[in-house]
K.L.:
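Before we start, here is the structure in question, set down as structure tokens.
No hydrogens, no waters, no symmetry mates; every other heavy atom, side chains included, goes into these values. All figures in this text were calculated on a predicted structure; none of them were measured in a lab. Whatever order the structure lists ligands and atoms in, that order sets their numbers, starting from 1.
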Amino acid sequence: MATITEEKRSSEHGQWSSHFTFILAASAAAVGLGNIWKFPYLTGQNGGGLFVLIYLACVLVMGIPLMMAEITLGRCGRRNPAGTFKEIAKDNNVRTTWKWVGGLGIIAGALILSYYCVIAGWSVAYFIKAICGEFSHTNAARSESLFNELMASPWQLLLWHTVIVITTVFVIARGLEKGIERAVKYLFPSLIILLLVLIGYGITTGYFTEAFVFLFDPDFTEINTETVLIAMGQAFFSLSIANGSILMYGAYVPRNVSVTTAAIAISLTDTGIALAAGLAIFPIVFANGLSPGAGPGLIFESLPIAFGNMPFGYSLGCLFFMMLVFAAFTSTISLLEPSVAWLVETFRFKRLKATCLMGLIIWLVGLLTVLSFNKWSNIKLFGLNCFELIDYVTANIMLPVGAMLIAIFTGWIICRKFIRHELQIEDRWLFRSWRFAIRYITPILIIIVFLYAL
Ligand code: TRP
């Protein structure tokens, strides 16, 4: 049986200090704009309950098994995604062309990051608006115009985009231990508390039941393959899988961590927060006559109304947008790490140089998104502007393709004994169910969805 020797087991970039830090850091990477910004607006655009149901099913049957696979691959290879695939392929005597799966993930991550930084920038802008008291007594019309004003100003968007890129580069350049760990330990739990407060406010609007029904009562007559594709893409996006982020975090995991427990804990936290965000936002949307299908502006148009009209709204608003920036920020870090590790390991770049180079590329590509909301809003390909196109291609094509290849690699290509040894699952049934999900369910479902949707 081929196993990687112990001395290769520790990554050159360091290691998480404990099991708990790993789960915390990976959850923080998973929880971000995907949960709070993207999940509610996609749910709104795709009709509600049915979308949520498909999303949950994808998390359960594909997301958790894939996350287990990714953490295991990462822990086993201890490198950047491309290097890990290459190394494991070698150990299993199969072609090293599998490294391109890692390569695909690295590119997807960089593309996602390019627009992610822009949206994270919106959150910074809103944090400042909150501090300046701009939400006080806001109604729907004023809140919509606040958002539209921001979108209409490329310079403002550019400024905040730049701030986010520079800060991310700074944290990544300082290395793992000092940067990421310190950043994730503190503010994360407060986000959960704030969402609960917002749900509490939602209940007082009198529209909570409506929101609940919207989110959890699927209307099966509305099913179409586009919805399924988007829900699947969102599941991968939200869990941060299929692009090597989680794999990269897995590379820093101590050997004694239970992959199963970690994957379940991370997925539950992530899904719980997405649902909580939905429950916090839709009562406000319905109570104020906003359209659930408003698109990317949904949370920015709805939340200021809540903060402008609830008790302690000023402080809670400031806190909330600070949390949002923070949650986004822990994700930007995870999105940048794979490409930086790849440059360092493949070309022997210094960490600082690699980080700055990637930062520059991402900043430049991000300009496409900045301009999509104003000057270039009419430039469209297949009916999508630049931002929508990058988002569609990454979340709905690259991530599912990556997920399928990871499943095929772990399920079919590398040897069963190898993966069994690496996963460290004692229970026979658990291992069998995991392997069934990875070998059959994941690839087949993805292929079916693709065949129908494209
Ligand atoms: N999951 C994060 C969010 O929900 C975003 C993210 C981080 C991500 N790493 C990723 C998305 C890797 C796709 C792939 O905000």
Side-chain angles (χ1 to χ4, degrees), residues 25-43 55 58-59 62-63 66-67 70-71 74 80-81 101-123 164 168 171-172 180 183-184 188 191 195 230-251 263 266-278 296 299 323-342 358 362 390-403 405-406:
S27 306
V31 174
L33 295 172
N35 310 60
I36 295 167
W37 160 74
K38 204 172 182 195
F39 175 77
Y41 98 70
L42 288 180
T43 304
Y55 165 81
C58 290
V59 170
M62 299 195 270
L66 275 166
M67 187 176 286
E70 264 201 51
I71 300 174
N80 75 81
V101 181
L104 177 79
I106 292 173
I107 299 170
L111 283 174
I112 291 176
L113 187 54
S114 78
Y115 75 77
Y116 203 93
C117 286
V118 179
I119 316 288
W122 298 0
S123 322
I164 294 282
T168 306
V171 172
I172 288 282
I180 308 180
V184 292
F188 189 50
L191 180 70
L195 279 175
I230 296 176
M232 183 170 84
Q234 171 60 12
F236 297 151
F237 183 95
S238 190
L239 295 173
S240 309
I241 47 184
N243 93 319
S245 285
I246 288 290
L247 184 148
M248 204 61 243
Y249 275 40
I266 300 165
S267 307
L268 282 185
T269 315
D270 186 73
T271 310
I273 291 189
L275 296 177
I299 68 159
M323 298 295 139
L324 187 61
V325 173
F326 176 75
F329 193 63
T330 51
S331 300
T332 58
I333 294 172
S334 81
L335 281 160
L336 187 55
E337 181 67 20
S339 48
V340 169
W342 176 72
M358 279 316 299
I362 280 148
I390 299 176
D391 179 33
Y392 193 92
V393 170
T394 49
N396 301 339
I397 298 176
M398 294 175 90
L399 292 185
V401 169
L405 293 174
I406 291 174

K.L.:
Is a side-chain donor or acceptor of Thr330 paired with a backbone partner of Ala28 at a separation under 3.5 angstrom?
P.N.:
yes

K.L.:
So for ligand 1, is Ile241 a polar contact partner (N or O within less than 3.5 Å, distance only)?
P.N.:
no

K.L.:
Looking only at protein heavy atoms, which one is nearest to atom 12 (C) of ligand 1, and what is the separation?
P.N.:
Asn243 OD1, 3.0 Å

K.L.:
For ligand 1, find out whether one of its N or O atoms is nearer than 3.5 Å to an N or O atom of Asn35.
P.N.:
yes

K.L.:
Report yes if Asp270 has an N/O atom closer than 3.5 Å to an N/O atom of ligand 1; otherwise report no.
P.N.:
no

K.L.:
What atoms in ligand 1 come closer than 4.0 Å to a heavy atom of Gly34?
P.N.:
3 (C), 4 (O), 15 (O)

K.L.:
Just to check, does Trp37 reach to within less than 4.0 Å of ligand 1 when the distance is taken from its heavy atoms?
P.N.:
no

K.L.:
Show the nearest heavy-atom pair for residues Ser267 and Leu239, with the distance to one decimal.
P.N.:
CA-CD2, 3.8 Å

K.L.:
Among all the protein's non-hydrogen atoms, which is closest to atom 15 (O) of ligand 1, and how far away is it?
P.N.:
Tyr116 OH, 2.3 Å

K.L.:
Tell me whether Glu70 contacts the main-chain N or O of Ala242 through its side chain, where contact means a donor paired with an acceptor under 3.5 Å.
P.N.:
yes

K.L.:
Can you pull out the closest protein heavy atom to atom 11 (C) of ligand 1? Residue, atom name and distance to 0.1 Å, please.
P.N.:
Phe237 O, 3.1 Å

K.L.:
Could you see which bit of Ile246 sits under 4.0 Å from ligand 1, with heavy atoms only: side chain, backbone, both or neither?
P.N.:
neither

K.L.:
For the residue pair Pro338 and Met248, what are the closest heavy atoms and their distance?
P.N.:
CA-SD, 3.8 Å

K.L.:
What atoms of ligand 1 come closer than 4.0 angstrom to any heavy atom of Ile112?
P.N.:
13 (C)

K.L.:
Backbone N or O of Val393 within a donor-acceptor pair of the Asn396 side chain at under 3.5 Å?
P.N.:
no

K.L.:
Quick one: closest heavy-atom pair of Leu247 and Pro81, and the distance?
P.N.:
CD2-CA, 3.6 Å

K.L.:
Taking 4.0 angstrom as the limit and counting only heavy atoms of Ala29, give me the atoms of ligand 1 inside it, by number and element.
P.N.:
1 (N), 2 (C), 7 (C)

K.L.:
Check Ser240 against ligand 1 and report side chain, backbone, both or neither, counting heavy atoms closer than 4.0 Å.
P.N.:
both

K.L.:
Under 4.0 Å from a heavy atom of Ser334: give me the atoms of ligand 1 that qualify, with their elements.
P.N.:
7 (C), 9 (N)

K.L.:
Test your reading of the structure: does Leu33 have an N or O sitting under 3.5 Å from an N or O of ligand 1?
P.N.:
yes

K.L.:
Can you tell which of Ser331, Gly402, Ala30 gets a heavy atom nearest to atom 4 (O) of ligand 1?
P.N.:
Ala30

K.L.:
Nearest heavy-atom pair of Val31 and Ser331: which atoms, and what distance?
P.N.:
O-OG, 3.2 Å

K.L.:
With heavy atoms only and a cut-off of under 4.0 Å, state how Ala395 meets ligand 1: side chain, backbone, both or neither.
P.N.:
neither

K.L.:
What protein heavy atom sits nearest atom 10 (C) of ligand 1, and how far off is it?
P.N.:
Leu335 CD2, 3.3 Å

K.L.:
For the residue pair Tyr249 and Ser334, what are the closest heavy atoms and their distance?
P.N.:
OH-CB, 3.3 Å

K.L.:
Taking only heavy atoms of Ser238, which atoms of ligand 1 are found under 4.0 Å from at least one of them?
P.N.:
1 (N), 4 (O)

K.L.:
Which atom names give the shortest non-hydrogen contact between Ser238 and Tyr55, and what distance separates them?
P.N.:
OG-OH, 3.6 Å

K.L.:
Which word best sums up how the rings of Trp122 and Trp37 line up, parallel for under 30°, tilted for 30 to 60°, or perpendicular for over 60°?
P.N.:
perpendicular

K.L.:
So for ligand 1, is Val31 a polar contact partner (N or O within less than 3.5 Å, distance only)?
P.N.:
no

